[in-house]
Each structure stands twice: as structure tokens, then as C-alpha cells.
Amino acid sequence: MISINITINGRSYETAVAPHQTLVEVLRNNLGHIEVKSGCGEGECGACTVLLDGHPVSSCIVPAIKADGKEVITIKGLSENGELHVLQQKFIEHDAVQCGYCTPGMILSAKAILDENPQADEAEIRRKLSGNICRCTGYQQIVNAVLSAADEYPRHSKIT
Amino acid sequence: MNASPSTTKRLNDFKYLSPGSLTEAVDILNQSEKQAVIMAGGTDVLVMTKARVITPGILVSMINIPGLSDILESDQEIRIGALTVVADLLKSKQIQEKCSALAEAAREFATPHVRNMATIGGNICRSSPGGDLLPPLMAMDARLTIVGPDGERIQPIGDFITGPGLNTLDREILTGITLPHTSNQSSSAFGKITRNTSDLAKINCAVFLEKTGVDCSIIRIVLGAVADRPVRLPGVEQALEGKALTPALIESAVVRTDDHIAPITDARSTADYRRKVSRVLTSRTILKAWETLN
């Protein structure tokens, strides 16, 4: 076992991980962050997306050891004092959630897009959300939600 | 353990080492009796390990080896560290300006998530016939720096890949990629046929060309996913070199594409489709590179 230090949503943890454990396993099983969803397990679907030092990654293909010393943001790190992040609010308003399994990853990828470019247009949003698969909505409501959140960025963006 | 889908997706138990220097890493590769596998970004190694395509005894992470993730430009060339992630290739001004084919390939590479982890060195050492970064690097005449127990050697990328997933590495480590200096009358382009942006290529293509006066003086064309490794198209190149390129001339030249490819049918495409579309993609990519110079 190897000891790693990892900051999750602003709180730091020290935990012992095995070399063969992936980040999603450690987040869910060791640290109780079950808001991170496990999907395909091979880096294709994006359900397990977290932000690692601000960049979206598929946590099912990141060895937990590689997160040592890094900062992880999960969907629970977006709301502040019970107030939803603008992206969460817009996903609700635009009915961008159906079964909800892709939603945590989808919103985190969307946050990375708008953090980097608050003026992102529809083409850029669609291209950069290509790592997150949704089998329910057909994407249109999701794209609408992100575009609508972009209108209010960066006023509502949380500094992470 | 139950053989449920989730357990088959778990990684096997392996020894994990993260050496702090190249020398130490090379020593591990040469002294261990178990199969030692190098891991850079992990996006391929971990997926193959989960699927039991490979079962490493020792996983050697490159994470603690310093100085391998920079893009440096000198008067003569651009040097890219093997651990540079694909997302950083995409952001690099030097790559965008001097090697647009590589920047375009980085843009089309897998998903944003994978681009944030996957490295250029990993894509080269995976040596997949359809690897998106390989045609641009071959078209640019990239040279690889490889370190082993006897020191450093330099090899052109075209000689490095020897078959599907095969290359000349022999208990060695790829440390960097050098792109030679190009004239300001040169350009490059990349093209890819794929089902959607995140899929692997059915076919990919890169073209580098240089113009002297009104003519195309040098052209290098590489097609991927149509043979056991990415291939140059010397027949097409010869038909175009020394001439001013026109759509009609390109159309007649790409007929020779067939002489250099041996596509197969697999999950992504059929051999027939690949053969037909190879000409189309080659022609489009040549035209794209040529038009940026005019």
C-alpha cells in the first residue's frame, strides 16, 4: 500500500491505496465519494469524470497514485452553502437531466469548458463534451443548459 | 471473486515502481525478470491491463521522471518531451504554427479527458496502426530519442514502428521527439475519417509539403489504419513532386494510393470502404495543405 495525499472539494485526505486501484475506486470505496459514478470502466463514457487540477479526466483510467498531491473536484464541490452552481441550476431549468447517471460528469466537463472559455459557442461545447455520453436526452437540452450558463459566466463561477 | 463485469474491469495485482530518474527506470527494465511495462499517461496501459490484454508483473510509472514534458524550440528544430500530454500539444503555439498537422491530430485525438492524460510518447510506443499522432510525425520526418542501457540512440519514426503494436524498443525508453526545421514555404495538414469525434480512426492521413516558386518541391504523405503500420505513399508523392498542384492533378495521383495500402476489415470499417475512402481522404488532405500556402 502507498500513502497518498489528495484534496477533494477543498478538504485534504491522506489515504493508503494499492497500486492497482483506480481513482474512481478510491474516491468511492475508500473515501465515500459515491457521487462519482462508475460507468464503462475503460475511459469511454465520461460518467466517472472528475476535475483533476482543474482538467476533466476519466477517473476509471487514472491510477489513484497519480492523484497524489493533486486537487480533485467532484460534483459535490460545485454548490456553495447549499446554493447550486449556475450549471447545476441551468441543467434543472433546461430539463438536461433524465436518468441522471451522466449528469455529474457532464456538469464537471461543462465547468471545465466554461472555466477555460466563458464565451464558448455551441460547436466548441459539443466538441468538448464529446467525452461524456448521455443515452437519454439526445444532448440538445444539455447543450442548451451549458449555453445558458455561459451567459451568466463568470459572474457565477466558483473560483477553485 | 465473482466474475461480474465490474470485477473483470479491475486491474490485476502488480508491483508498482515510480523511478526518479531515467537511469533508474532503464535499470528496472533490464534487471527485472517479470514483465515490466512502462506507463506514461496510463490511458492505454490501464485499459489493456483491465481487459487482460497485458498482465504486467511490474508497472513502471514515468510520473516522477523530471524534464520529459516540455516543448522546446531552437533555430533548427522543435523538441517535444515524450511525456507531453496531447492537450498540451494542442495548446502549443509552436506546434500550431510549425506543425499544424500535429495540432489538428491532437484536436481530433480521443476525448478531452483522454487528451488530458495521454502522452505523445505513449501514442508512439503503443504503435497502433491507427494512432492519430503517428501520420503527422511521420510526415514531418520526426526523429525519436531512445535511451537504453548502452546510452542514447536516434531513430526516424518511420523505421521505429515495425507492425501492429510493435516497434524497435528493446528494454528501452522513448524520451523525446524532434521535428526538423521547416521552411516558411511549407505546410502540413491532417485528416481523419471516424464515426464520431471520440472514436478511433477508420482512416487517418497527414501531409507535409514544401513549395518552391509555384511548384510543390517536397511532399510526404502518410496514411494510417490501412496497413499493419502507418504507411508513406511514395507513388502518389512522385506523381506530385515538382508540379503545381491542382485538384485534377491530385485526383489522378491518388489512384496510386492502392499500391501502398493493405487495409483489413475490423469493427470500425471494411477493407473495401477503407480502400475507396483512402483516395478521397488523401486527396482532401493534400489539397488542404496546399491551399494554406496559396
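Values reported hereafter were calculated over all heavy atoms of this structure, with side chains retained and with hydrogens, waters and symmetry mates removed. Residue numbering restarts at 1 for every chain, and letters A, B, ... go by the order of the sequence lines.
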**Q** Could you tell me which of B:Asp44, B:Val45, B:Ile63 has the largest number of non-hydrogen atom pairs under 4.5 Å with chain A?
**A** B:Ile63

**Q** How close do B:Pro112 and A:Gly131 get, heavy atom to heavy atom, and via which atoms?
**A** CD-N, 3.9 Å

**Q** Distance check, rounded to the nearest 0.5 Å: A:His20 atom NE2 versus B:Leu46 atom CG?
**A** 12.0 Å

**Q** For A:Ile2, which atoms come within 4.5 Å of any heavy atom of chain B: side chain, backbone, both, or neither?
**A** side chain

**Q** Top residue by heavy-atom pair count (under 4.5 Å) with chain A, among B:Arg107, B:Lys15, B:Met39?
**A** B:Arg107

**Q** Would you confirm whether A:Lys66, through its side chain, and B:Gly42, through its main-chain N or O, come within 3.5 Å as a donor-acceptor pair?
**A** no

**Q** Determine the minimum heavy-atom distance between A:Pro19 and B:Tyr16, stating which atoms define it.
**A** CB-CB, 3.2 Å

**Q** Relative to chain B, which segment of A:Ser38 carries a heavy atom at a distance below 4.5 Å: side chain, backbone, both, or neither?
**A** neither

**Q** Return yes when atom CD1 of A:Ile34 has more than 12 non-hydrogen atoms of other residues, nucleotides or ligands closer than 6.0 Å, and no otherwise.
**A** no

**Q** Just checking B:Lys34: does its NZ atom have more than 12 heavy atoms from other residues, nucleotides or ligands closer to it than 6.0 angstrom?
**A** no

**Q** Does the side chain of A:Asn132 come within less than 4.5 Å of B:His113's, by heavy atoms?
**A** yes

**Q** Under the side-chain contact (heavy atoms from CB on, under 4.5 Å) test against B:Asn116, which residue among A:Asp53, A:Val57, A:Leu52, A:Val62 passes?
**A** A:Val57

**Q** Go through B:Leu59, B:Val114, B:Val47 and name the one with the most non-hydrogen pairs under 4.5 angstrom from chain A.
**A** B:Val47

